[in-house]
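Below is one structure, written out as C-alpha cells; comments come after it.
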Number of protein chains: 2
Amino acid sequence: MAVTEVLRRFNRTYTQRIGVLEESFLGTGRPLAVSRLLFEIGSAGAVGVRELRELLDLDSGHLSRMLRRLEDDGLVATTVDGADRRRRLVSLTTAGQQAYDDLERRSDERASSLVAPLTPRQQERLADALATADLLVRAATVRLRQVGDDDPVAREATRRYVAELDDRFPAGFDPGPLAPEPDATWVVATSDGRPVAHGGLRPVPGRDDTAEIKRMWVDAGWRGAGLGTRMLRHLESLAREQGYRRVVLDTNGTLTEAIEMYERAGYARIDRYNDNPYAEAFFEKELSSAS
Amino acid sequence: MAVTEVLRRFNRTYTQRIGVLEESFLGTGRPLAVSRLLFEIGSAGAVGVRELRELLDLDSGHLSRMLRRLEDDGLVATTVDGADRRRRLVSLTTAGQQAYDDLERRSDERASSLVAPLTPRQQERLADALATADLLVRAATVRLRQVGDDDPVAREATRRYVAELDDRFPAGFDPGPLAPEPDATWVVATSDGRPVAHGGLRPVPGRDDTAEIKRMWVDAGWRGAGLGTRMLRHLESLAREQGYRRVVLDTNGTLTEAIEMYERAGYARIDRYNDNPYAEAFFEKELSSAS
DNA sequence: AGTAATCTCTGACTAGAGTCAGAGAATGGC
DNA sequence: GCCATTCTCTGACTCTAGTCAGAGATTACT
C-alpha cells in the first residue's frame with residue numbers, strides 16, 4: 001500500500017481514537033486551548049509570551065486573553081523581562097504547577113488505558129512503531145534554512161558540532177579560534193526551532209570551480225533519518241547554483257557513518273588537499289547539472 | 001521508553017504536523033465538520049441520517065443543520081427511506097461527488113507533500129510503522145460485547161465464520177441448519193461497528209462443571225493483533241463467572257494458527273468428546289479462580 | 001385502536017476559537 | 001534625539017461547534 005494511503009488511513013484511526021488524548025485536557029473546567037497553553041508553559045518552565053505565540057502559532061490577542069484567564073485563576077504569573085522591558089515572561093505559580101501535574105497525570109492515565117488491552121509484547125511493538133513513525137515524521141518536517149554564522153541557532157549547532165568532535169576524537173578536538181569565513185554559506189536544519197543538523201559551503205582559494213563542504217553535523221538522536229544525505233544534497237545544489245562544478249570535503253577516520261554516507265552519496269576518495277591535522281579522509285564529487 | 005511516553009510524544013508530533021491533514025478540508029469554503037460529513041457520505045455511498053449520527057457521534061440538531069447546508073449548496077440530496085418513512089437517506093449529487101473527489105485529491109496531495117522529503121526507503125519504513133501502529137491501535141480499541149444470536153452483527157460474524165471454514169476445509173464446510181442454542185452466550189468484537197472476532201460459550205449436557213467454546217473466529221485482516229487470545233480470555237472469564245471450572249473446545253487440523261493459539265493459552269489436548277465430523281483436535285483447560 | 005417510542009427537524013441558546021485594528025510602552029538604528 | 005519597529009494588550013467582531021427542548025410525522029407494541 002502506498003505511503004499516502006497508509007498515512008491517510010492512520011490519520012482517520014488516529015483522530016477517532018488517540019486524538020481523544022486531548023480529552024484529558026477537558027474536565028478541568030478550562031477550555032482545551034487554555035489547558036494546552038498551561039501544558040506548554042509547564043513543560044518549558046518559564047517562557048516569554050513571544051515564544052509561546054510562535055510555538056503555538058496563536059494570534060497575539062487570543063494568547064493575551066488566555067494568559068489573563070490563567071492569571072485570574074491564579075495558575076500563572078507574568079513578569080516583565082528585564083532584558084527587554086517590552087516583553088513579558090510567564091511562569092507557573094504553585095497552584096499552576098499543581099494543575100500542570102494534574103494534566104500530566106490525566107494524560108498518562110489516558111495513554112495507559114488506551115494501550116491496556118494489548119499484551120506487553122504488543123505494547124512494545126506499538127512503542128517501536130510509533131517511535132519510528134515519530135522520528136520519520138519529524139525528519140520529514142525538518143526545515144533547512146540558510147543562515148549567517150552569527151545566527152543564534154547556527155551558533156548552537158556549531159557549539160554542539162565542536163563538542164561532539166571533541167568527544168569522539170581520541171585526542172580531542174580544538175578548532176582553535178574559529179576563523180570567520182565571510183564568503184561561506186551556512187545551512188541549519190531545525191525542528192521545533194532547535195538545530196538538528198548543520199553544514200556549510202565555502203570557496204576554495206585558487207580553484208574557482210570548487211567549493212568545500214564544512215562542519216557537517218547531524219544530532220545524535222536524529223541519525224538514521226536521512227538528514228545527513230538531505231543536508232549534503234542541499235549543499236550540493238546550493239553549490240551548483242553558485243556556479244561550482246565540484247565539491248570537496250575532509251573528515252576524520254573516526255566518523256565511519258559519515259564516511260559511509262559520503263560514499264553512498266557518490267563521493268570519491270582523493271588525496272589530502274590541505275593540512276588540517278584532524279582530517280584523515282578526503283573526498284570529491286563532480287556536480288552534474290542534472291541531479 | 002515506556003509505551004505511554006512514546007504515545008504521548010507521538011501525539012504531540014502528530015497534532016503539530018500530520019494533524020494538519022485536516023487543513024485539506026479547509027480552503028473549500030466549508031467548515032471542517034461539514035467537510036468531514038461530506039467525506040463520510042461520499043465514502044459510504046448513500047447512508048441513512050441515523051447511521052451518520054452514530055458514526056460521527058453528532059447531535060441530531062447539529063447534523064440536521066449541516067445536512068441542510070450541504071443540501072443548500074447542492075451537494076447532497078435526501079430522500080425518505082421507503083422501508084421506514086421516519087428515516088431519511090442521504091446521497092451525493094453530481095456536484096457533491098465532485099466536491100468529494102476534490103477533498104480526496106487535496107488529502108492525497110497533503111499526504112504526499114508531507115512525506116516528499118523522505119527517501120523511498122524511508123517512506124516505506126514510515127508506511128510499515130504506521131500500518132503496525134494502525135493495526136495495534138485499532139486492536140486496542142476493539143470492543144467486546146455480549147450479544148444474542150439474533151443480533152445483526154453476530155449474524156454477520158457467523159456468516160463470515162462459516163464462509164471462511166467452507167473456504168479453508170478441503171472438503172468444504174456445511175454447518176447444516178445452525179441449531180439455535182438457547183443457553184449459549186455469544187460475544188462479538190467490533191471495530192467501527194463491524195465484527196472482527198467472534199466466539200461463544202455453551203453448557204455441555206451432562207457435565208455441570210464444563211462449558212464448551214464454540215465458533216471462535218478472527219477476521220483475516222486482524223490476525224496477529226492478539227484478538228483471538230483476548231476473546232479466549234474473555235470467554236474463559238465469562239465461564240468462570242457462570243460457575244464453570246473447565247472449558248473444552250474442538251477444532252479442525254487445518255486451522256494451525258488457532259491450534260497454536262490454544263496451546264499458548266494453556267489448553268491441553270484431550271480425546272475426542274463428540275462426533276463433530278469436522279473436528280480433529282480436542283482441547284481442555286482448567287479454569288483457575290485466580291487468572 | 002390507542003399509546004409509547006423513534007426519527008428528523010427547527011428554534012433558541014452558549015461557549016470556544018480565532019481575526020483585525022489600533023493603543024501605549026519600550027527599543028534599535030542612524 | 002527622532003522615527004520606525006517591536007511587543008503586549010484591549011475592544012469589537014465573526015464563525016464554528018455543540019446543547020437542549022420540543023414539534024410533527026411515523027412506526028412498534030399489545
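Chain identifiers are assigned alphabetically (A, B, ...) following the order of the sequence lines, protein sequences preceding nucleic acid strands; residue numbering begins at 1 within each chain.
A salt bridge is absent between A:Arg69 and A:Asp72; no separation between the charged side-chain nitrogens and carboxylate oxygens falls under 4.0 Å. Between A:Asp134 and B:Arg9 there is a salt bridge, with a side-chain nitrogen of the basic residue lying less than 4.0 Å from a carboxylate oxygen of the acidic one. Between B:Arg85 and B:Asp81 there is no salt bridge, since no side-chain nitrogen of the basic residue lies less than 4.0 Å from a carboxylate oxygen of the acidic one.
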Where do N or O atoms of nucleotides 7-14 of chain C meet protein N or O atoms at under 3.5 Å, pair by pair?
unit_1, atom_1, unit_2, atom_2, d
C:dC7, OP1, B:Arg50, NH1, 3.0
C:dC7, OP1, B:Arg87, NH2, 3.2
C:dC7, OP2, B:Arg50, NH1, 3.2
C:dT8, OP1, B:Arg50, N, 3.2
C:dT8, OP2, B:Arg53, NH1, 3.0
C:dT8, OP2, B:Arg53, NH2, 3.1
C:dC9, OP1, B:Arg68, NH2, 3.2
C:dC9, OP1, B:Arg88, NH1, 3.0
C:dC9, OP2, B:Ser64, OG, 3.4
C:dC9, O5', B:Ser64, OG, 3.3
C:dC9, N4, B:Ser60, OG, 3.0
C:dT10, OP2, B:Arg68, NH1, 2.5
C:dG11, N7, B:Arg65, NH1, 3.2
C:dG11, O6, B:Arg65, NH2, 2.8
C:dA12, N6, B:Arg65, NH2, 3.4

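Within 4.0 Å (heavy atoms only), B:Arg30 reaches no atom of the nucleic acid at all.
Remark: P of D:dT8 and CG of A:Leu56 are 14 Å apart, rounded to the nearest angstrom. As rounded to whole Å, 9 Å separates atom P of D:dG18 from atom CG of B:Asp57. The CG-P distance, from B:Leu32 to C:dG16, rounds to 19 Å in whole Å. Put simply, CG on A:Leu58 is 16 Å from P on C:dG16, counting in whole angstrom units. Spacing between atom CD of A:Glu54 and atom P of D:dT6 amounts to 12 Å, rounded to whole angstrom units. Atom-to-atom, CZ of B:Arg36 to P of D:dT16 comes out at 14 Å; the value is rounded to the nearest Å. For the pair A:Leu89 CG and D:dC7 P, the computed distance is 13 Å after rounding to whole Å.
The OG atom of A:Ser112 lies 11.5 Å from the CZ atom of A:Arg105; values are rounded to the nearest 0.5 Å.
In terms of position on DNA chain C, the residue among A:Arg85 and A:Met66 whose nearest nucleotide sits closer to the 5' end is A:Met66.
Nearest heavy-atom pair across A:Asp59 and A:Gly61 is OD2-N, 2.8 Å.
A perpendicular orientation is assigned to the rings of B:Phe10 and A:Phe10, their planes being inclined by more than 60° (bins at 30° and 60°).
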